[in-house]
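Worth saying up front: this structure is predicted, and the values here are computed from it rather than measured. Values below: every heavy atom of this structure, side chains too, minus hydrogens, waters and symmetry copies. Numbers here are sequence positions counted from 1.
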Amino acid sequence: MAAPSIVDVPVACGSGTLTAANMSDRGMAPTEMADAARDPRVGTVVGDRYRVLGCIGEGGMGAVFRAEHILMKKPVALKLLHAEMGQVEEAARRFEREAQSASRLNHPNIVSVTDFGRNHTGELFLVMEFVAGESLAELLAREGRLPVARACRLAGQILSALEHAHGQKVIHRDLKPGNVMLVQSPDPRLGETAKILDFGIAKITESSEGEQPLTKGVMIFGTPSYMSPEQATGQEVDTRSDLYSCGIILYEMLTGKKPFEAEDVVKLMAMQVTTQPPPFVRVAPGADIPAGVEAVVVHALEKERERRFGAAAEFREALEKAEAEVDGAGARLAAASARLGKHAGALWARRWVAWAALGKLWRALGWVGRQSVTGARLLLARLPPAARPWVKAAAALVAVALIGILLFGHRHGAAPRLLPPRPRPVAQEMKSPIKQIEDGMAKARFAETRMLIMQQISEHPEVARVRYLLGNLEFADKNPGVGLQAYEEALRMDAGLRGDAALLVNVRGLLSDKKLGRSALDLMVKQIGVPACGALAESASEDRRIDFRQDARSACENLKCSDKVDRVQSYALDLAQGRSCAEKREAVQQLGASEDPRAIEPLRKARYGERGGLLGRVLGSAGNSCIIKDIDAALKELGAEAPSRKKK
């Protein structure tokens with residue numbers, strides 16, 4: 001795979017050659033005058049009809065100026081290719097390609113191109129409509145996440161523009177907030193209009209007869225934060241690449257954050273290929289984004305293009321439907337609230353009638369229960385004496401099964417209770433690339449190895465071993481969040497990896513992490529199961545986070561490895577940290593039933609407080625007054641009856 005070639009991103013005029021160090025998402029916006037020294041081209045006339053008024057932005061290949069048509073006095077945005085770049089065949093052809101692709105497009109959500117030519121100085125120029133507004137990148141930098149309705153409206157406009165461009169056989173290939181302008185309508189009720197610009201690396205899918213491709217070999221175009229997986233791996237792109245980029249823009253508008261972020265460009269591109277976007281609730285917990293809208297975004301960000309939306313119109317319609325369902329639910333809730341408010345008074349006035357009806361229902365249920373018992377007794381009386389015990393046992397088993405279904409049948413994500421099978425064998429054709437990956441990791445060549453892994457995932461997305469190796473790499477490269485997601489994908493593909501020693505060590509090491517501990521625990525509970533019993537038992541016994549400890553303890557019970565949990569230590573922590581009398585009472589009862597003399601000390605501390613001695617016996621522990629009787633009963637059960645408090 002060739003090294004990635006990232007397109008230039010414009011900066012202020014006069015700032016010098018653009019380098020990777022000053023790359024940003026802020027694109028060339030033909031609306032914002034750069035605060036820089038006067039450019040020598042300001043005041044000159046280009047193409048005999050456009051007077052240059054000021055510089056807007058500049059990149060390595062050219063610059064954009066604010067200009068006006070001399071005769072029509074109409075403001076325009078003028079894009080000039082540097083004279084020396086005009087002599088470079090590849091650059092000149094790419095500039096001409098932008099003019100060709102943009103000239104095909106005529107849509108209210110696309111910045112239109114009105115002219116193209118070569119200046120007398122040899123510079124190629126492109127003339128676009130001048131748009132007064134700000135870029136979506138500037139809006140997001142200032143406001144963070146947007147309201148759901150506004151984000152969906154802007155995404156719908158972007159998709160409408162893409163639908164038109166794709167219909168004209170044009171793929172943008174560098175869609176990002178910096179390439180979306182927002183124009184305010186004079187009527188504030190109409191809001192803003194999104195306009196896509198900069199088709200500088202657009203691809204025309206239908207070439208003229210005899211036309212040569214712009215590049216030979218593998219080239220990677222685009223901006224890494226918004227790049228589709230197929231772009232990141234240098235594959236041929238189609239219209240679904242633009243839809244992926246639009247999905248990332250919508251994700252960022254809804255949450256205020258990009259789904260994938262990393263300082264290393266190669267690592268960022270690897271995340272586009274292998275990492276699932278974080279759930280909205282984790283990135284923006286207070287945003288209250290509807291589940292239907294999130295489902296649309298997740299569908300747009302599928303790694304395999306065949307699983308994404310097939311067309312911009314399909315994406316837009318799904319988004320509109322999800323938003324309409326939210327609006328409909330809101331309207332139904334408002335109507336229900338109004339009806340409830342209207343009839344609440346009448347219901348309260350007739351509350352005694354309701355109580356009488358409930359009383360009748362309760363008595364009827366009691367009669368049904370008594371009749372059922374009587375019927376069962378009569379049925380048993382008619383059975384042969386030898387069969388009665390078996391019928392009773394069967395009835396008891398059915399009752400227990402029904403109770404279990406009612407109580408636990410709704411639970412999802414229960415840990416796998418069986419030992420893992422053997423991992424799937426590595427196919428013969430994969431042995432050599434996997435050996436290369438393992439050798440690269442052993443030599444700590446992380447960037448090179450990551451590119452090898454990306455290539456293999458692109459060519460063999462079904463091979464779990466490669467995803468597993470990506471997880472190992474990310475943990476070794478101090479990027480455990482991405483590593484955890486890679487492990488999750490690997491385990492989903494091959495349950496035999498549940499018992500892998502390196503995986504268990506890496507995941508276990510994250511349990512104490514404030515940010516990733518919960519994700520690590522969920523992976524152990526939902527996917528690893530029995531091989532994680534030791535780590536789960538340790539957390540269930542010692543972890544200072546009460547919810548974390550209790551979840552680990554429940555997982556151990558589900559996995560039948562509760563015997564590894566130090567129940568006295570675990571419930572003693574519950575007793576000390578309990579937030580309600582019910583929680584503390586449960587801990588006291590468990591300690592009393594433990595038959596372990598170590599439980600006496602935490603119970604006495606809870607009974608008399610930390611002071612101990614006579615003062616503790618007199619004052620007691622005020623916060624535990626609601627469970628004093630329970631503590632006394634537990635101490636008595638353990639053979640350490642609590643001394644009575646002395647009367648004054």
Side-chain angles (χ1 to χ4, degrees), residues 396-397 399-400 403-404 406-408 411 414-415 417 508 511-512 517-518 521 524-525 529-530 532-648:
L397 286 173
V400 169
I403 292 172
L406 289 172
L407 291 177
F408 305 108
R411 295 177 63 184
R417 299 185 182 184
R508 183 173 190 161
L511 289 175
S512 59
R518 173 56 63 176
L521 180 66
M524 283 187 167
V525 171
V530 169
C533 268
L536 290 170
E538 184 178 323
S539 293
S541 304
E542 303 174 358
D543 201 284
R544 303 295 299 182
R545 295 163 290 183
I546 184 168
D547 293 336
F548 203 91
R549 183 174 63 252
Q550 291 174 347
D551 287 348
R553 196 166 61 215
S554 297
C556 288
E557 292 171 359
N558 184 48
L559 293 169
K560 309 299 182 186
C561 58
S562 293
D563 56 315
K564 297 183 179 181
V565 178
D566 186 336
R567 300 180 69 83
V568 170
Q569 186 173 354
S570 182
Y571 283 109
L573 287 170
D574 278 12
L575 179 56
Q577 298 174 339
R579 291 159 294 194
S580 67
C581 289
E583 284 187 359
K584 293 182 178 183
R585 185 172 290 110
E586 170 68 17
V588 168
Q589 291 171 352
Q590 292 291 339
L591 289 170
S594 68
E595 299 182 358
D596 190 327
R598 292 182 302 143
I600 296 173
E601 184 62 24
L603 286 169
R604 282 178 171 168
K605 284 185 177 179
R607 176 66 172 83
Y608 301 114
E610 296 293 336
R611 300 178 184 87
L614 180 60
L615 184 60
R617 294 177 187 276
V618 173
L619 297 179
S621 183
N624 294 332
S625 57
C626 60
I627 56 169
I628 293 298
K629 292 182 179 179
D630 300 279
I631 294 174
D632 290 347
L635 287 170
K636 185 175 181 180
E637 191 174 358
L638 290 167
E641 189 170 349
S644 59
R645 184 178 295 178
K646 294 182 178 180
K647 295 182 180 180
K648 292 184 179 180

Chemist: Could you check whether the SG atoms of Cys626 and Cys581 sit less than 2.5 Å apart, since that is the cutoff I want to apply?
Modeler: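 A disulfide, yes.
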
Chemist: What closest approach, in Å, do Arg604 and Ala640 show between heavy atoms, and which atom pair accounts for it?
Modeler: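 Looking at all heavy atoms of both residues, the shortest contact is NH2-CB, 3.9 Å.
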
Chemist: Would you confirm whether Ser570, through its side chain, and Ala540, through its main-chain N or O, come within 3.5 Å as a donor-acceptor pair?
Modeler: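 Here the side-chain-to-backbone pair exists.
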
Chemist: A side-chain contact here means heavy atoms from C-beta on lying under 4.5 Å apart; do Arg508 and Met524 qualify?
Modeler: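 Yes, close enough: below the 4.5 Å cut-off.
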
Chemist: To the nearest 0.5 angstrom, please state how far the CD atom of Glu586 sits from the CG atom of Leu591.
Modeler: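 The CD atom of Glu586 sits 10.0 Å away from the CG atom of Leu591.
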
Chemist: When rounded to the nearest 0.5 angstrom, what is the spacing between CD in Glu637 and CD1 in Ile600?
Modeler: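 Going from CD on Glu637 over to CD1 on Ile600, the span is 11.5 Å.
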
Chemist: Would you compute the distance between atom OG of Ser512 and atom CD of Glu538 and round it to the nearest 0.5 angstrom?
Modeler: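 Reported to 0.5 Å precision, the distance equals 9.5 Å.
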
Chemist: Would you please test Asp566 and Arg598 for side chain to side chain contact (heavy atoms under 4.5 Å, CB included) and show each step?
Modeler: CA-CA 11 Å; Asp566 186 336; Arg598 292 182 302 143; 3.0 Å; yes

Chemist: Does any N or O in the side chain of Asn624 come within less than 3.5 Å of the main-chain N or O of Ala606, such that one atom is a donor and the other an acceptor?
Modeler: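 Such a contact is found between Asn624 side chain and Ala606 backbone.
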
Chemist: Starting at CG of Asp632, measure out to CD1 of Ile627 and round the result to the nearest 0.5 Å.
Modeler: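 Here the rounded value is 10.5 Å.
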
Chemist: How close do Arg549 and Ser539 get, heavy atom to heavy atom, and via which atoms?
Modeler: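 Of all heavy-atom pairs spanning Arg549 and Ser539, the closest is CG-O, 3.6 Å.
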
Chemist: Partners of Asp551 by salt bridge (Lys or Arg N to Asp or Glu O under 4.0 Å), sequence neighbours excluded?
Modeler: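 Counting only residues at least two positions away or on another chain, Asp551 forms a salt bridge (Lys or Arg N to Asp or Glu O under 4.0 Å) with Arg518.
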
Chemist: Would you call Leu536 and Leu521 a side-chain contact if the rule is heavy atoms closer than 4.5 Å?
Modeler: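 Yes, at least one pair of side-chain atoms sits under 4.5 Å.
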
Chemist: Of all heavy-atom pairs between Ala634 and Gly592, which one has the smallest distance, and what is that distance?
Modeler: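 Closest pair (atom of Ala634, atom of Gly592, distance): CB-CA, 3.8 Å.
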
Chemist: Working to the nearest 0.5 Å, report the span between CD1 of Ile631 and NZ of Lys605.
Modeler: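 If we round to the nearest 0.5 Å, Ile631:CD1 and Lys605:NZ are 13.5 Å apart.
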
Chemist: Provide the closest heavy-atom pair for Gly578 versus Lys584 in the form atom of the first, atom of the second, distance.
Modeler: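 Scanning both residues, the minimum pair turns out to be O-CE, 3.2 Å.
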
Chemist: Would Leu575 and Leu603 count as a side chain to side chain contact (heavy atoms under 4.5 Å, CB included) here? Give the steps.
Modeler: CA-CA 8 Å; Leu575 179 56; Leu603 286 169; 4.2 Å; yes

Chemist: For Ala599 and Ser594, work out which heavy atoms get closest and say how close.
Modeler: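 Closest approach of Ala599 to Ser594, heavy atoms only: CB-OG, 3.7 Å.
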
Chemist: Side-chain contact test, heavy atoms from C-beta onward, threshold under 4.5 Å: evaluate it for Ile546 versus Leu573 and give yes or no.
Modeler: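 Side-chain contact under 4.5 Å: no.
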
Chemist: Consider salt bridge (Lys or Arg N to Asp or Glu O under 4.0 Å). Of Arg553, Arg579, Arg567, which one does Asp574 pass it with?
Modeler: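 The residue from Arg553, Arg579, Arg567 that satisfies salt bridge (Lys or Arg N to Asp or Glu O under 4.0 Å) with Asp574 turns out to be Arg553.
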
Chemist: If you look at every heavy atom in Ala587 and Tyr571, which pair is closest and at what distance?
Modeler: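 For Ala587 and Tyr571, the tightest heavy-atom pair comes out as CB-O, 3.5 Å.
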
